[in-house]
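Read through the structure below, which is laid out as structure tokens, and then see the notes.
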Amino acid sequence: MRKLALMFLAGMVLQGASFAQQISIVPEPAEMTMPKTAAKYVINSNTKINLVGSGLEESASFLNDYIQKVYGFKLAVVPNGKSAGITLSYEKQEYRYPGAYRMQVGNKGVNIAGDNANGVFYGVQTLIQLLPTEGSKTALQIPHVNIKDYPRFGYRGMHLDVSRHFFDVNFVKKYIDYLALHKMNYFHWHLTDDQGWRIEIKKYPKLTEVGGWRNGTIVGRYPGTGNDNIRVGGFYTQDEIREVVKYAADRYITVVPEIEMPGHASAAIAAYPELSCFPGEATKKYVPENCAWAGDSTGKQVIQSWGVYDDVFVPSENTFKFLEDVVDEVIALFPSKYIHVGGDECPKTNWKRSEFCQNLIKEKGLKDEHGLQSYFINRMEKYINSKGRTIIGWDEILEGGLAPNALVMSWRGEEGGIAAAKENHEVIMTPGNFVYFDHSQTRNEDSVTIGGYTPLEETYSYEPVPAALPADKQKYILGAQANLWTEYIKNPSKVEYMVFPRMSALSEVLWSPASKRNWKSFEKKIPAIFNRYGKWGSNYSKSYFDLKANVVPAAANKGLQVKLESPIAAAQPVYILEGAGSSAATTTKYNGPLSITSNAKLTAWNELKGKPAGAKVQLNFTTNKATGKKISLQNNPSKNYPGQGGAFGLVNGLRSEKGMNSTEWLGWEGSDLDATIDLGESTSFEKVQLHIAESHGSWIYGPAKFEISVSDDGNNYKAVTGGQATSREDGNSMKSLEVSFPALKARFVKVKAVNYGQIPDGQAGAGHKAWLFADEISIR
Ligand code: TNX
């Protein structure tokens, strides 16, 4: 069980004296030593910042702004100063990536020496992390330390989607400050998508006049329960863009702009319909019927719902001219070596039915529509290369042949990154299951998220260099980045909630030497990290402290056991168990695993000094003959949707009650659920049920077939016929499939749900493999 000696809960800080001694620098420095006897240096309003050398003003002013904001005073900055205090200077250091520095805190003050100005800036970030988060605000005690530090990766990135929801310049600057405080150096600005075009392009004013606004937004999780009918939007003027780029550069952060093509292009098409294969077709035609629409439904419109849409750029000369013009203006605004061209999720449906596209495929001797996508990206790459820049694309740009110099962002797992690195292409890793910060970070999600479950520990455990990559190809992994897609993130406060504390974990993955990365040490820093967010006035998720309930099979597979775990040593987990033989629903102190052998409702939470603290866990167990039994799977579910405890999750007595947004689901991409349950002894039963999810917009389909067979010896199986599978809607995109038959006796039961196969044309994700989602098998 993970326990912290110190604790912090839901806005309340409980801090021991020992904590004040703890140094909590995030990301962990490469090397750090402390004097034998701990000592302090005090920074107060008389302390001076000495600058030795030029180009250090940005670092001094960042430090001063921070001290002013958090502690309310400012330090005098003295060029060529020699007095005691804080001294910023240069000192040659040999490291692979810019940003190395040394730092000493002693009796005479703080010395920060950088290999370059960037290194000094990172030294200042470390100093900021030594400042107290408690106690006096006028005499800031910092511990004596010796630090030598440098980054592990050259690309340490964070992404922000400003299309699905728009965030103004002030917040974008704040976000950039968050990057700086975490020693990150790339900000990937996702500026265009189906739901809004956010960058002013002088030559095409309608991009922002028309494409920057939508008449409404679906309410709740896709496909939504309605439309809010509120016209929203916004965009950045070119002056604002320059301001942001400069602001970032002052913090040693490069802004990488993303202009999506050829898919996710509806906002541009709304402004200039001739960019579509079918300029005359109304956008509404491409939107599923169950997504409510606001306002004008004729002609081309900016999309109001989430997902992937078929109305993509037509690969015509006119479109290429348009995109080249856009790129010209983008390049003039962004000094970044990299220009991101998207390339992801481009449905081929329209290209298939467009005569123009089919002729183009023939004329250019392309294999098919994937060849056309590759042609599209290659052509834009050539143009961007001719301007001295390099393209980045999402991993779909591997399909149909990779553009020659492209850098690949691997988002659908690590495979794309591995394939690209093997072809000697540079790679930035952004795999969904580790660094998609739009995923939930708690099992008790308190607002809608896109789905998935990426808790803090999982992000922390991420290793950007895949073990599967041969040693001589590892150099192609430039680093990693977390993505923040904002379909379900409407305001700055939720952005902060979703990125913190996972961004702190990621910063350590990207900066600290692999040998310095240690989850247990990181956990010790969590109270200080949270205090710091508090000082910044930032929102953050406290789910790390949630009480966790682990459901496991009981001894000899006779029922279930629930273990309650809390990272807080001083907290007492308590629970109410209704059913399961306990008649009165009384609050009981937890002191060991709970046994579940019949239907039961468990409510559990932490108590701190007798008061409830943190989120409640609520589990409704429905037991049956399969519950807690041995189960094995022929095909493993996807790493992204492993369910709770793998195969066991199918017989843990728990079903999702919330629909898709649950960690109960096991998901198979293209393959079948093929489970064998060992009931332990010959058992009589008459029906088998499978609880599944079905959400075509999210590429999740019910099985093509649902088959049961039984065996007494585990070798010879006999199909159970007679029962036709019936299906019942359970609401929230969930269904129960059931096969019933005259009672029979058997020990082994094979349950097979055959994957739907390829997603049909005209549906979201057409041509891809369908997902099969299931969370529970019951036998009665
Ligand atoms: C996939 S990641 C997308 C985005 C969505 C995101 C939601 C990628 C390249 N494309 O358009 O916002 O999933 O998690």
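Note that the numbering runs from 1 along the sequence shown for the chain. Counting starts at 1 for both ligands and their atoms, in listed order. As a basis for the values below, the full set of heavy atoms in this structure was taken, side chains included, without hydrogen atoms, waters or symmetry mates.
In this structure, Tyr544 and Gln441 have side chains that are not in contact, with every pair of non-hydrogen atoms separated by 4.5 Å or more.
At a 4.0 Å heavy-atom cut-off, the residues surrounding ligand 1 are Arg164, His264, Asp344, Glu345, Trp394, Trp411, Tyr436, Asp438, Ile450, Trp485, Glu487, listed by chain and number.
Residues passing the side chain to side chain contact (heavy atoms under 4.5 Å, CB included) test with Pro492 are Phe167, Phe171, sequence neighbours excluded. Scored by the salt bridge (charged side-chain N to carboxylate O under 4.0 Å, His left out) test, Glu664 finds no partners at all (sequence neighbours excluded). Under the salt bridge (charged side-chain N to carboxylate O under 4.0 Å, His left out) criterion, Lys387 pairs with Asp328, not counting sequence neighbours.
Rounded to the nearest 0.5 angstrom, Cys357 SG and Lys348 NZ are separated by 11.5 Å.
In this structure, Gly343 and Ile377 approach most closely via the heavy-atom pair CA-CD1, 4.1 Å.
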